[in-house]
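Accompanying notes for the structure given below.
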Amino acid sequence: MADTWKERMAEKRESDSKVKRWKERAEKGETDAMYLLALSHHHGDYGLKTNEEEAYKWYKKGSDAGNVYCMAAAGECLIFGIGTAANVSEGLVLTTLAAERGSTFACFTLGECYYHGLSGIRNDIEKAKFWLEKAVAKDCKYDHLAGECVRKARRWLAKCNGSVLET
């Protein structure tokens with residue numbers, strides 16, 4: 001029991017140290033650190049509580065500095081109102097820019113919007129297929145699509161190829 005407690009305490013110190021380093025680097029303008037810090041806030045990782053507003057703040061800063069990972073995530077936040085007020089137009093611009101620069105996550109987000117007809121975007125099977133195929137092809141420069149999203153994209157593509165759209 002004591003060993004388990006010591007291990008947990010060591011893990012907590014390590015997590016705290018990582019977050020502290022990322023925050024210091026992010027505040028100095030390092031966009032990769034901004035992305036890691038934002039992800040940790042978004043998902044409640046490394047001892048942080050989930051804080052979507054703080055996550056969006058760092059995604060936006062990284063996006064403004066040209067980080068494609070942050071751009072894709074900030075675009076998703078704007079489209080769906082995660083951590084900020086929804087602004088679908090601005091979110092689609094950022095997400096499309098990130099997708100065109102090679103973000104698998106941005107391609108997935110656009111495919112999802114076209115597949116389901118989300119956020120005021122009409123269902124469009126051809127556009128859904130285009131973006132979902134890019135998301136799962138694994139030839140994008142910035143591959144940051146989680147396994148569950150890959151499985152969803154493949155399932156939706158199979159339905160698109162059968163011309164059945166879910167709404």
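Positions are given from 1 along the sequence.
- Put simply, W22 and M34 are part of the same group of oily side chains (I, L, V, M, F, W, Y) that touch within less than 4.5 Å, one to the next.
- Judged as a salt bridge (Lys or Arg N to Asp or Glu O under 4.0 Å), the pairs with a partner in residues 102-123 (not counting sequence neighbours) are, in order, R122-D124.
- Note that the CG atom of N51 and the NZ atom of K57 stand 9.0 Å from one another [nearest 0.5 Å].
- Annotation: the span from R155 atom CZ to R151 atom CZ amounts to 9.0 Å, rounded to 0.5 Å.
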Mind running side chain to side chain contact (heavy atoms under 4.5 Å, CB included) on I79 and C113 for me, showing each step along the way? CA-CA 9 Å; I79 290 169; C113 288; 4.1 Å; yes
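- Here ring-ring contact (aromatic ring centres under 6.0 Å, His included) pairs that include residues 81-113, with residues two or more places apart or in two chains, are F105-H144, F108-W156.
- Checked against ring pair (Phe, Tyr, Trp, His ring centres under 6.0 Å), Y142 has the following partners two or more places apart in sequence or in another chain: Y69.
- In this structure, C149 and L145 approach most closely via the heavy-atom pair CB-CD1, 3.3 Å.
- Hydrophobic clustering (side-chain heavy atoms under 4.5 Å, transitive across Ile, Leu, Val, Met, Phe, Trp, Tyr) keeps L118 apart from L78.
- Between A74 and L94, the closest heavy-atom pair is CB-CD1, 4.0 Å.
- Within 6.0 Å of NZ on K23 lie no more than 12 heavy atoms contributed by other residues, nucleotides or ligands.
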Apply salt bridge (charged side-chain N to carboxylate O under 4.0 Å, His left out) to residues E24 and R21 and explain how you reach the verdict. CA-CA 5 Å; E24 288 170 356; R21 284 193 312 270; over 6 Å; no
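- With sequence neighbours excluded, the residues that form a side-chain contact (heavy atoms from CB on, under 4.5 Å) with V136 are V150, A153, R154, L157.
- Here the CG-CG distance, from L37 to D45, works out to 11.5 Å after rounding to the nearest 0.5 Å.
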Could you go through the side chain to side chain contact (heavy atoms under 4.5 Å, CB included) check for T50 and H41 one step at a time? CA-CA 5 Å; T50 300; H41 281 292; over 6 Å; no
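- For E52, the salt bridge (Lys or Arg N to Asp or Glu O under 4.0 Å) criterion is met by no residue, not counting sequence neighbours.
- In plain terms, the two heavy atoms of A128 and C160 that are nearest each other are CB-SG, 4.2 Å.
- Follow the hydrophobic side-chain contacts under 4.5 Å out from I121 and you reach I82 in the same cluster.
- Within the 4.5 Å cutoff, no side-chain heavy atoms of K134 are placed close to those of T104.
- The side-chain contact (heavy atoms from CB on, under 4.5 Å) check on A38 picks up W58, Y59, with sequence neighbours excluded.
- Atom-to-atom distance recorded for I125:CD1 and L132:CG is 10.5 Å, nearest 0.5 angstrom.
- At least one side-chain heavy atom of M71 sits under 4.5 Å from a side-chain heavy atom of R101.
- Hydrophobic clustering (side-chain heavy atoms under 4.5 Å, transitive across Ile, Leu, Val, Met, Phe, Trp, Tyr) groups F80 together with Y114.
- A99 and A106 make their closest contact through N-CB, 3.4 Å (heavy atoms, listed as atom of the first residue, atom of the second, distance).
- Here the straight-line distance linking atom CD of E90 with atom NZ of K60 works out to 5.5 Å at 0.5 Å rounding.
- Under the 3.5 Å distance criterion, the side-chain polar atoms of T96 are matched with a main-chain donor or acceptor of L92.
- Hydrophobic clustering places V88 together with W131 (ILVMFWY residues linked when any side-chain heavy atoms are closer than 4.5 Å, directly or through intermediates).
- In terms of heavy-atom proximity, V68 sits nearest to S103 at CG1-CB, 3.8 Å.
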